[in-house]
K.L.:
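One structure follows; several queries about it will come next.
Just so you know, ligand 1 is whichever comes first in the structure, and atom 1 is the first atom listed for that ligand.
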Amino acid sequence: MQLDKDIERVLVSEEELKEICQRLGKQISKDYEGKDLLLVSVLKGAVVFMADIMKEVTCDCQIDFMAVSSYSGTKTTGVVKFKKDLDVDPDGKDILIVEDILDSGITLAYLKKILEDRNAKSIKICALLDKPANRKSDIVADYVGKVIPDEFVVGYGLDYNEKYRNIPYVGILSPSVYNK
Ligand code: IMP
Ligand code: MG
């Protein structure tokens, strides 16, 4: 793939991503058996992870999407912009937020707060990647795919200025791309 040339190193391969989805899906299926599970994916970065993990969930569930953004290039702006709300009423639901990456934690703290104000029965977080080095809020993910170092990564839904989302693995973006 031509996009590969901008990737310095593969961080999570396609095989490992598959294993992560199977492992987390199994655990989620066990934990949410008999509950009113609503998987909420955060657009757009988490769509690929959502599509893969939902296939590994074997208990009854609904899915829905929210959209927010806080990033410009490789830096968070610290201000979360709300762009799309849920279609399903979260009242009484056991919500599992499916997110691509937990970085500063600002986005997830904001989303959790919004959902708490709307009477969800429970709210938990499933993050594919966890970058603890940069945490600015005390948010913790209940399910984590992989803890990664403080590097800017793209692929498997994750972008740099809306590009690279279609790479099938997670890779470290070559700094030459954003230092241009
Ligand atoms: P937070 O609010 O800083 O935790 O950022 C969460 C959001 O920032 C994620 O949902 C991603 O969209 C984006 N983000 C954080 N780190 C990266 C990265 O390494 N690559 C691509 N997007 C990232
Ligand atoms: Mg995102």
Side-chain angles (χ1 to χ4, degrees), residues 1 3-14 16-17 20-21 24 38-54 63-86 95-117 123-180:
M1 195 196 279
L3 291 170
D4 283 354
K5 70 178 190 332
D6 294 338
I7 303 301
E8 194 174 75
R9 179 160 69 85
V10 176
L11 197 62
V12 196
S13 68
E14 289 181 71
E16 190 175 357
L17 286 162
I20 288 172
C21 290
L24 295 180
L38 174 63
L39 295 170
V40 173
S41 169
V42 187
L43 295 171
K44 302 170 211 168
V47 283
V48 183
F49 180 42
M50 174 72 150
D52 282 349
I53 202 160
M54 63 188 271
I63 65 162
D64 205 348
F65 299 89
M66 282 175 108
V68 292
S69 77
S70 67
Y71 262 63
S72 172
T74 61
K75 296 270 177 299
T76 178
T77 60
V79 180
V80 185
K81 271 194 264 169
F82 193 76
K83 295 183 160 175
K84 186 212 168 291
D85 201 354
L86 295 173
I95 295 183
L96 183 60
I97 302 175
V98 177
E99 199 18 340
D100 50 4
I101 185 164
L102 178 53
D103 185 22
S104 72
I106 293 171
T107 309
L108 281 170
Y110 173 85
L111 282 177
K112 218 174 164 189
K113 170 86 182 57
I114 290 183
L115 295 169
E116 270 161 7
D117 289 346
I123 305 171
K124 286 193 174 181
I125 293 169
C126 173
L128 171 65
L129 305 171
D130 185 2
K131 237 200 282 190
N134 197 24
R135 200 76 91 247
K136 292 189 179 67
S137 112
D138 61 2
I139 203 106
V140 186
D142 302 277
Y143 303 90
V144 174
K146 187 170 184 160
V147 177
I148 63 164
D150 192 13
E151 302 271 10
F152 194 81
V153 294
V154 294
Y156 198 70
L158 289 144
D159 73 308
Y160 169 65
N161 285 345
E162 298 299 326
K163 211 175 145 184
Y164 307 105
R165 292 192 195 276
N166 53 326
I167 293 179
Y169 55 84
V170 176
I172 297 174
L173 186 63
S174 167
S176 63
V177 175
Y178 48 85
N179 287 333
K180 260 182 210 154

K.L.:
Say whether Leu108, considering both its backbone and side-chain N or O atoms, lies within less than 3.5 Å of an N or O atom on ligand 1.
P.N.:
no
K.L.:
Mind checking salt bridge (charged side-chain N to carboxylate O under 4.0 Å, His left out) for Asp85 and listing every partner two or more places apart, or none if nothing turns up?
P.N.:
Arg118
K.L.:
Does Lys146 have any side-chain contact (heavy atoms from CB on, under 4.5 Å) partners at least two apart in sequence or in another chain, and if so, which?
P.N.:
Val12, Glu16, Ile20, Leu129, Ile148
K.L.:
Does Gly45 have a heavy atom less than 4.0 Å from any atom of ligand 1?
P.N.:
no
K.L.:
Can you check whether Pro132 reaches Val147 side chain to side chain, under 4.5 Å on heavy atoms?
P.N.:
yes
K.L.:
If you measure every N/O of Val153 against every N/O of ligand 1, is any gap under 3.5 Å?
P.N.:
yes
K.L.:
If the cut-off is 4.0 Å to any non-hydrogen atom of Lys131, which atoms of ligand 1 fall inside it?
P.N.:
16 (N), 17 (C), 18 (C), 19 (O)
K.L.:
Relative to the heavy atoms of Ile106, which atoms of ligand 1 are at a distance of less than 4.0 Å?
P.N.:
2 (O), 4 (O)
K.L.:
Any atoms of ligand 1 less than 4.0 Å from a non-hydrogen atom of Leu158? List them with their elements.
P.N.:
21 (C), 22 (N)
K.L.:
Side chains of Leu3 and Tyr164, heavy atoms from C-beta outward: is any pair under 4.5 Å?
P.N.:
yes
K.L.:
Output the list of atoms in ligand 1 that are nearer than 4.0 Å to some heavy atom of Ser104, sorted by atom number.
P.N.:
1 (P), 2 (O), 3 (O), 4 (O)
K.L.:
Of all the atoms in ligand 1, which lie at a distance below 4.0 Å from a heavy atom belonging to Glu151?
P.N.:
19 (O)
K.L.:
Give the contacting part of Asp159 toward ligand 1: side chain, backbone, both or neither, where contact means a heavy-atom distance below 4.0 Å.
P.N.:
backbone
K.L.:
Ile101: heavy atom below 4.0 Å from ligand 1, yes or no?
P.N.:
yes
K.L.:
Which ligand 1 atoms are under 4.0 Å away from a heavy-atom of Thr107?
P.N.:
1 (P), 2 (O), 5 (O), 6 (C)
K.L.:
Just which atoms of ligand 1 are under 4.0 Å from any heavy atom in Asp100?
P.N.:
9 (C), 10 (O), 11 (C), 12 (O)
K.L.:
Is there a side-chain contact between Tyr156 and Glu14 (heavy atoms, below 4.5 Å)?
P.N.:
no
K.L.:
So, for Cys126 and Leu24, which heavy atoms are closest and what is the spacing to 0.1 Å?
P.N.:
SG-CD1, 4.0 Å
